[in-house]
Amino acid sequence: MSRFAPDLDLQQRLVKRSMIMLTVIFVISLLSFAGWMFSVEWLKHPISGLVAMNPLTSLCFIALVTALRFKLKHKDQKHKLQLADAVTVFVFLITFSKLVAIFAGWDYSLDQLLFVNETSNDTVDGFVNTMAPNTALGFSLLAAGILLVNKPGHVFQVAAQAATVLTLMVALFSILGYIFGAKEFYEVQNFIPMALNSGICFFLLSIATLFAYPGTGIMQQLTSKYSGSYIAWKLFVPAIILPVMIGLFRLWGQRSGLYNLEFGSALFVTSMILFFLSLIWVNTLLLNRREQSQEEIIAEKNYLAALVEQTSDAILSTDSYLNIMSWNKGAEEIYGYKKEEVMGKPLGSFLKSTFDPETSEKLLADLNTRGYYNAEYVFFNKQQQPISVQASVTVLKNQQQEITGYVAVHRDISERKQLEKQLKEFNSQLEIQVKEKTAELRDVFERISDAFIGIDNYYNVVYVNKRAELLFNISSAKLTNTSVYNLFSTSEGEVERAIKETFISREYVYLETWLAQFQKWFELNIYPSNSGLSIYIRDITIRKKALLELNASEEKYRLFFENSMDGILLTDGKGQIFSANKAATEIFGMTEEEICSGGRTAILDETDPNWPRFFDARNRYGKAQGELRHFRKDGSTFLAEITSVKFKNASGEEQTNTIIRDITERKRAEEDLNESYQQIRRLTAYLQKVREDERAHIAREIHDELGQQLTVMKMDISWMKKKIKNGDIDAVPTKMDELQEILDGTVSSVRRIATDLRPSLLDDIGLIAAIEWEVDMFTKRTGIKVNLSKPDSPIVLPNEYVTGLFRILQESLTNIIRHASATQVDIHLKNQNNEFILYIEDNGNGFDMKTVTGKKTLGLLGMKERSAMMQGVFTINSQPLKGTKLEVRVPLS
């Protein structure tokens with residue numbers, strides 16, 4: 001498991017809260033025991049009618065609390081820790097033996113040795129007060145966890161926290177069972193249930209045990225300085241409290257009659273959706289901020305790389321075995337070796353020094369102890385020429401303080417060494433040739449690239465070259481004959497101590513220091529002489545910032561890798577996996593070690609036809625993006641969107657960075673959406689066909705009935721016209737009577753056709769009357785008995801609701817005629833909870849719901865869509881040979 005930088009302040013607060021929780025548990029258990037001892041009923045039964053905490057249970061809680069407090073307060077006292085472990089083992093043996101007795105069917109009386117009469121007379125639902133099986137299980141697990149929690153070794157820590165978390169789950173189930181009235185959550189079959197105060201004590205003691213050791217196991221991930229730990233603590237309490245509150249509110253509203261089961265379920269689901277959407281939003285905000293800073297990180301890395309390459313100093317780094325990991329252009333120019341010649345090779349195999357192996361080993365040991373080293377060395381370049389260098393070496397360590405490598409900055413001081421040699425010669429001859437050599441020395445110091453200051457034995461500046469004047473922006477006239485401390489004054493007194501040390505030891509001193517008055521980092525090389533000190537100064541601000549920013553950028557990249565919500569894999573082109581972040585382990589259900597050992601074939605389905613194209617595109621263009629099929633540890637497959645980019649690491653090896661995102665849910669949503677579109681298309685076609693069939697039916701009615709009747713009327717009128725014209729008036733009245741009968745029939749036909757299209761009763765006297773008429777017509781046509789139940793009070797519905805409900809009734813009765821072969825139909829019309837309910841049930845053949853759902857029956861789909869247009873709920877239930885039940889609920893307002 002990866003180690004995370006701990007939030008020490010948070011860990012200390014958790015330990016303090018752990019002690020508070022232990023005190024609360026101790027008080028609860030002690031009060032319960034006092035209730036048994038002094039026969040105080042309200043202490044035994046804080047809530048009347050519920051199970052009381054068994055006396056042995058109270059003593060076990062007191063024992064475990066005492067043992068854990070001993071372990072926390074006396075971590076370094078072995079005999080007290082042994083005493084705490086002995087108490088814990090005693091509790092484990094008592095409770096584990098209770099579990100064995102329960103499952104083996106043995107008689108167990110330890111939990112009734114205390115207060116025998118009181119426990120025997122204290123019964124709830126026929127159970128005598130004994131230790132419940134889930135209580136004994138909780139004690140066994142928790143005692144094992146406390147016993148192992150401070151044992152060295154990762155296996156013990158994992159086992160201890162696993163046992164503690166299991167106890168936490170048992171307690172949480174028990175508490176939720178009492179809250180929601182779910183007896184199965186706190187009662188094991190035909191045994192006495194766990195007491196409520198026992199469940200609360202188990203819950204608090206489990207959390208206190210985890211809080212007591214916040215730097216181990218899963219707790220170290222929850223107590224780090226990173227955003228993941230912060231989010232976990234912010235969401236931990238809401239994740240428990242809010243679902244419970246939402247569930248209680250749903251039950252209270254349903255039991256109070258504020259809404260029905262369907263509304264309560266919808267309210268619960270909606271509330272949970274909003275809760276999880278809020279959780280997703282918080283995580284999304286954090287991820288977006290992290291991605292927003294990624295471009296800045298890349299720009300910083302490029303800037304730092306440019307600084308390292310542009311400096312004239314040799315900057316190189318090695319691993320812990322002194323193999324070259326980086327080699328800049330300055331190193332190429334100083335030593336003559338190209339980067340390609342030295343990468344991955346041991347430093348000593350090509351860069352020789354004047355030290356013997358024994359001295360080199362001592363210097364390395366001193367470097368590892370101190371963490372840094374500054375000294376002058378002589379190395380031989382590629383042409384075996386000696387090069388004098390000023391070397392600054394820093395040890396790199398990880399969070400576990402293990403050495404991971406070294407960073408060295410070498411400066412070629414051959415010219416300066418030559419000048420120093422000349423300076424010594426000048427000093428030896430100073431008394432004789434002072435006037436001659438002073439001019440030469442001045443000329444030399446003015447030509448060197450470093451700033452130079454000469455100091456006499458009284459700490460006064462006697463010489464300043466032009467480079468120093470430009471570096472400090474102070475004229476030599478102002479500096480000469482003044483104390484050197486006026487220039488090098490620091491709050492820490494580093495320069496003052498270095499100058500005094502040089503005067504005392506008469507040995508060379510090297511120093512890197514920050515001068516606040518100039519806002520710069522300086523490198524000081526201080527050399528002693530008989531007449532004073534020589535100080536060579538160089539501005540190293542750029543180099544210092546480069547090193548600091550390089551370390552910061554590497555830390556930012558590591559944080560992004562560890563906390564990304566997408567899976568990230570670091571691989572090579574051959575399928576070997578070097579690293580996987582936490583999100584990747586969650587996606588594949590594997591540990592990082594399993595992913596790395598299994599390689600690409602363990603997680604990627606290479607038979608996916610998209611894989612060859614993806615692999616070819618990445619090799620050709622250096623990057624690729626697509627959707628590929630992957631494996632989880634349990635063997636299941638899933639579709640993931642992946643983005644893979646090739647790059648070269650510091651060693652020049654080609655690797656790939658692959659980002660993986662599980663898109664299973666997104667694909668399922670797309671399929672559901674497409675299926676919805678197909679249903680809409682089929683429904684539209686069905687409605688169009690129904691409309692055309694209705695038009696054809698009306699056309700046949702008009703042609704077959706109205707057409708014939710109108711033709712007869714036309715013929716009769718023509719006949720009467722001829723009779724009147726010929727003067728035969730006597731036959732006309734009889735024919736007119738016949739014409740009147742035909743006309744009455746025509747009017748009846750028109751009314752019948754209009755009624756079939758839309759019963760006028762819907763508009764005249766409303767839905768109930770129209771349904772009564774339709775039911776009467778249905779009975780006359782089919783002979784099927786219909787029981788119609790109507791509401792007592794009148795209803796008021798919008799016209800579109802009236803039409804929709806009537807059409808659903810017609811469609812249902814039509815389906816009964818076509819498919820049901822029923823002999824009886826029950827229809828109920830009800831006003832209930834501000835809803836109008838249409839309920840239709842027949843005793844016909846019924847059908848298989850799965851078969852019909854798979855066929856997407858358009859008639860049922862049409863009724864469902866009509867209900868949805870009325871903001872209603874459509875449900876249908878049927879079984880073969882058991883009839884069909886249909887219900888439509890629409891709001892009355």
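- Applying the 6.0 Å contact sphere to CZ of F638 captures more than 12 heavy atoms from other residues, nucleotides or ligands.
- Residue pairs meeting the side-chain hydrogen bond (donor to acceptor under 3.5 Å, both in side chains) criterion with at least one partner in residues 163-178, sequence neighbours excluded, do not occur; the list is empty.
- Applying side-chain contact (heavy atoms from CB on, under 4.5 Å) to I62 and the options I25, V87, I28, L30 leaves one that passes, L30.
- Between the CD atom in E592 and the NZ atom in K582 there is a gap of 12.5 Å [rounded to 0.5 Å].
- Atom-to-atom distance recorded for L83:CG and Q77:CD is 11.5 Å, nearest 0.5 angstrom.
- The environment of Y839 atom OH is dense: over 12 non-hydrogen atoms of other residues, nucleotides or ligands sit within 6.0 angstrom.
- Evaluation of the salt bridge (charged side-chain N to carboxylate O under 4.0 Å, His left out) rule for R13 yields D9 as partners, not counting sequence neighbours.
- To the nearest 0.5 Å, the span separating OG on S206 from CE on M21 amounts to 10.5 Å.
- Under the 3.5 Å distance criterion, the side-chain polar atoms of S29 are left unmatched by any main-chain donor or acceptor of F26.
- Rounding to the nearest 0.5 Å places CG of N197 at 10.0 Å from CG of L31.
- Of all non-hydrogen atoms in I660 and I587, the two that sit nearest each other are O-CD1, 3.8 Å.
- At least one donor-acceptor pair closer than 3.5 Å links the side chain of Q161 to the backbone N or O of T216.
- For the pair H74 (side chain) and L81 (backbone), a donor-acceptor distance under 3.5 Å is absent.
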I would like to know whether D122 and F115 meet side chain to side chain contact (heavy atoms under 4.5 Å, CB included); could you show each step before the answer?
CA-CA 11 Å; D122 187 77; F115 313 109; over 6 Å; no
Between I577 and I603, is the side chain to side chain contact (heavy atoms under 4.5 Å, CB included) condition met? List the steps.
CA-CA 11 Å; I577 300 175; I603 61 173; 3.8 Å; yes
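- Listed by chain and number, the residues in a salt bridge (charged side-chain N to carboxylate O under 4.0 Å, His left out) with K73 amount to none (sequence neighbours excluded).
- Using modelled atom types, no side-chain atom of D566 and backbone atom of I659 make a donor-acceptor pair closer than 3.5 Å.
- For I175 against G199, the heavy-atom pair with the smallest separation is CD1-O, 3.7 Å.
- The residues E887 and K885 are annotated as not salt-bridged, no charged nitrogen and carboxylate oxygen being separated by less than 4.0 angstrom.
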What's the verdict on side chain to side chain contact (heavy atoms under 4.5 Å, CB included) for L14 and M219, showing C-alpha distance, side-chain angles and the deciding distance?
CA-CA 10 Å; L14 291 181; M219 289 303 295; 4.2 Å; yes
Give the C-alpha distance, both sets of side-chain angles, the deciding distance and a yes or no for side chain to side chain contact (heavy atoms under 4.5 Å, CB included) between T591 and T585.
CA-CA 5 Å; T591 63; T585 62; 5.7 Å; no
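- In this view, E586 satisfies the salt bridge (charged side-chain N to carboxylate O under 4.0 Å, His left out) rule with no residue, not counting sequence neighbours.
- Using a 4.5 Å cut-off on side-chain heavy atoms (C-beta onward), F211 and K16 make no contact.
- Among pairs with a residue in residues 86-102, those fulfilling side-chain hydrogen bond (donor to acceptor under 3.5 Å, both in side chains) read T95-S140, K98-D111, at least two apart in sequence or across chains.
- Note: L204 CG to R17 CZ = 13.5 Å, rounded to the nearest 0.5 Å.
- Around the CZ atom of F90, the shell of radius 6.0 Å holds no more than 12 heavy atoms that belong to other residues, nucleotides or ligands.
- Among pairs with a residue in residues 197-217, none fulfils salt bridge (Lys or Arg N to Asp or Glu O under 4.0 Å), at least two apart in sequence or across chains.
- Residues meeting the ring pair (Phe, Tyr, Trp, His ring centres under 6.0 Å) test with F139, sequence neighbours left out: F61, F202.
- Sorted by first then second residue, the salt bridge (Lys or Arg N to Asp or Glu O under 4.0 Å) pairs that include residues 203-216, not counting sequence neighbours, number zero.
- Across K71 and L147, no two heavy atoms sit closer than the pair NZ-O, 3.5 Å.
- K151 is listed as a side-chain neighbour of D85, based on a closest heavy-atom distance under 4.5 Å.
- Side-chain contact between M194 and V170: present, with at least one pair of heavy atoms (C-beta onward) separated by less than 4.5 Å.
- The distance from atom CG of L205 to atom CG of L64, rounded to the nearest 0.5 Å, is 6.0 Å.
- Closest approach of L43 and G35 over heavy atoms only: CB-CA, 3.6 Å.
- What you find for A163 and L141 is that their closest heavy atoms are CB-O, 3.4 Å.
- Residue Q11 comes nearest to P214 through the heavy atom pair CB-CG, 3.6 Å, listed as atom of the first residue, atom of the second, then distance.
- Scanning for ring pair (Phe, Tyr, Trp, His ring centres under 6.0 Å) contacts around F203 gives an empty result, with sequence neighbours left out.
- For E118, the salt bridge (charged side-chain N to carboxylate O under 4.0 Å, His left out) test picks out no residue, with sequence neighbours left out.
- In this pair, F96 and F92 present their aromatic rings parallel. The plane angle is below 30°, not in the 30 to 60° band.
- Sorted by first then second residue, the salt bridge (Lys or Arg N to Asp or Glu O under 4.0 Å) pairs that include residues 34-46, not counting sequence neighbours, are E41-K44.
- Under a cut-off of 6.0 angstrom, the local environment of CE in M169 is crowded, with over 12 non-hydrogen atoms contributed by other residues, nucleotides or ligands.
- Residues H630 and D662 bring no donor and acceptor atom of their side chains to less than 3.5 Å of each other.
- Among residues at least two apart or in separate chains, side-chain hydrogen bond (donor to acceptor under 3.5 Å, both in side chains) pairs with a member in residues 54-70 are T23-R69, S32-S58, N54-N129.
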